[in-house]
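Presented below is the structure to which this report refers.
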Amino acid sequence: MGRFLASTTLAFFAAGVPAFAAEDTCGTITIAEMNWASAGLAAWVDKIILEEGYGCEVGLVAGDTMPTFTSMNEKGEPDLAPELWVNAVKEPLDQAVAEGRIVIASQILSDGGVEGIWVPTWLAEEHDIRTLKDALAHPELFPGAEDESKGAWFSCPSGWACQAINRNQFLGSGADEKGFELVDSGSAAALDGSIARAANRNEGWLGYYWAPTAILGQHDMTRLDLEAEFDRERWDTCIVQPDCADPQVTEWPASDVYTAVTSEFAQKAGVAMDYVKTRSWSNDTVNGMLAWMVENQANNEDAAYEFLERHEEIWADWVPADVAEKVKAAL
């Protein structure tokens, strides 16, 4: 996250809601329903709580990271993007915050977006594997390579930004010299399939993944310690580059995942802004809900109601007691 954005966010949190936003009504609100599951779920949770608990009128509009940010920045609509991955729009977002068009309302993912190298938890416990170095000492535990004499390190599909990162982590760790082969998974579905197949066969699996995601809610996985600090200069100049000349293992940076609102919303939304500033959930919570969505072929609305019924201990802390009662009555 940019230095300015960090200081601006902290200053906003410290200042609290401005006096003119202390109204007890919020009127009509537009929320971006982003086209990935965790953000779509968040949009529907917000819609239900704001409508049933606060009496707002909420409209959902289809969104994606760049189009939604651009529209909020240039046109002041929609009012709210529940799940904005800051790393994807860091520089223009810093500028929009600095110039007063966008406000960072809250950190919706309390532990941030997570990327890394994972193995099944049962295997980690059985073989005392906690670090990448531990895993690379046992290529025989990780089948899936074309060369059956080698272990498989499953990478990102071709065309994804993380493909170059995985290639450089693989080379930097010396995995090729330790008996591993870097496997191009081909697609997101194939990457998920490789994890599911290993689980069904009770086999080991090693590779790149991220959270929050349904697959990590369905399968108990352990993120390996890379035993390396995050180095911003090395990351920017080499690790993310496909032609990195001197790859070295480097920890992934945590991805800040925020709720962003327009400045007009922040100033006039009253209780709606109070609510947005308080709500946050963890990767474990979202992983579990995304897994439920897949297992039940549920849509965002279904999952939002399931979350509200299943996790009152989480969302009831986001709202005053009388609002919580209204939401529960609506369920």
Side-chain angles (χ1 to χ4, degrees), residues 1-34 38-40 42-47 49-51 53-54 56-113 254-281 315 317-320 323:
M1 161 172 154
R3 185 178 303 168
F4 181 86
L5 181 55
S7 61
T8 304
T9 302
L10 292 174
F12 180 79
F13 288 161
V17 180
F20 49 74
E23 305 168 7
D24 58 3
T25 60
C26 62
T28 301
I29 298 169
T30 53
I31 298 177
E33 184 179 6
M34 301 295 211
S38 58
W44 268 95
V45 168
D46 287 349
K47 174 180 171 65
I49 289 178
L50 288 169
E51 287 186 337
Y54 292 99
C56 310
E57 296 180 12
V58 178
L60 298 179
V61 295
D64 199 354
T65 300
M66 282 307 300
T68 294
F69 166 75
T70 301
S71 181
M72 292 175 69
N73 188 32
E74 297 179 358
K75 301 177 182 178
E77 56 186 31
D79 297 307
L80 189 156
E83 186 181 298
L84 192 67
W85 288 64
V86 172
N87 286 355
V89 291
K90 187 177 75 67
E91 292 185 6
L93 180 59
D94 280 355
Q95 183 176 355
V97 170
E99 296 174 0
R101 294 186 298 277
I102 300 289
V103 170
I104 303 302
S106 62
Q107 183 170 329
I108 186 170
L109 274 179
S110 57
D111 42 358
S255 297
D256 292 318
V257 185
Y258 289 146
T259 293
V261 301
T262 63
S263 57
E264 182 177 0
F265 176 91
Q267 294 169 4
K268 298 180 180 179
V271 292
M273 186 63 184
D274 288 343
Y275 158 73
V276 172
K277 286 178 60 182
T278 62
R279 65 105 172 80
S280 179
W281 51 17
W315 66 262
D317 285 343
W318 302 343
V319 298
V323 172

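Nothing here was measured: the structure is a model prediction, and the numbers come from that model. Positions are given from 1 along the sequence.
- Val45 has its side chain within reach of Trp318: a pair of non-hydrogen atoms, C-beta onward, lies under 4.5 Å apart.
- Atoms NZ and OG1, from Lys75 and Thr70 in turn, are 9.5 Å apart once rounded to the nearest 0.5 Å.
- Separation of atoms CG (Asp94) and CD1 (Ile102) is listed at 12.0 Å; rounding is to 0.5 Å.
- Tyr275 places none of its side-chain heavy atoms less than 4.5 Å from the side chain of Ser106.
- From Cys56, atom SG reaches atom CD1 of Ile49 across 11.0 Å, with rounding to the nearest 0.5 Å.
- The side-chain heavy atoms of Ile108 and Trp281, taken from C-beta on, include a pair separated by under 4.5 Å.
- Smallest separation of non-hydrogen atoms from Ala32 and Pro82: O-CD, 3.3 Å.
- Closest non-hydrogen pair, Thr68 versus Pro78, comes out as CG2-CG, 4.2 Å.
- The closest side-chain heavy-atom distance from Thr278 to Val319 is not below 4.5 Å.
- Scored by the salt bridge (Lys or Arg N to Asp or Glu O under 4.0 Å) test, Asp79 finds no partners at all (sequence neighbours excluded).
- Glu264 pairs by the side-chain hydrogen bond (donor to acceptor under 3.5 Å, both in side chains) definition with nothing, not counting sequence neighbours.
- Asp46 has a carboxylate O that lies under 4.0 Å from a charged side-chain N of Arg279, or vice versa, which qualifies the two as a salt bridge.
- Of all the heavy atoms in Met34 and Asp64, the pair that sits closest is SD-N, 3.6 Å.
- Distance check: Ile29 CD1 to Leu60 CG gives 11.0 Å after rounding to the nearest 0.5 Å.
- Among all heavy-atom pairs drawn from Glu51 and Glu57, the shortest one is OE2-C, 4.4 Å.
- Between Val257 and Gly112, the shortest heavy-atom distance links the atoms CG2-C, 4.5 Å.
- For Thr65, the side-chain contact (heavy atoms from CB on, under 4.5 Å) partners two or more places apart in sequence, or in a different chain, are Trp36, Leu84, Ala88, Val89.
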Please report the C-alpha distance between Leu93 and Ile104 in whole Å, then the side-chain angles of each, then the deciding distance to 0.1 Å, and finally whether the side-chain contact (heavy atoms from CB on, under 4.5 Å) criterion is met.
CA-CA 9 Å; Leu93 180 59; Ile104 303 302; 4.0 Å; yes
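- Between the OG1 atom in Thr259 and the CD atom in Glu83 there is a gap of 8.0 Å [rounded to 0.5 Å].
- Each of Glu77, Met72, Met273 was scored for a side chain to side chain contact (heavy atoms under 4.5 Å, CB included) with Phe265, with one residue passing: Met273.
- Judged by distance alone, with hydrogens and angles left aside, the side-chain atoms of Ser263 form a donor-acceptor pair with the main-chain N or O of Gly100 at under 3.5 Å.
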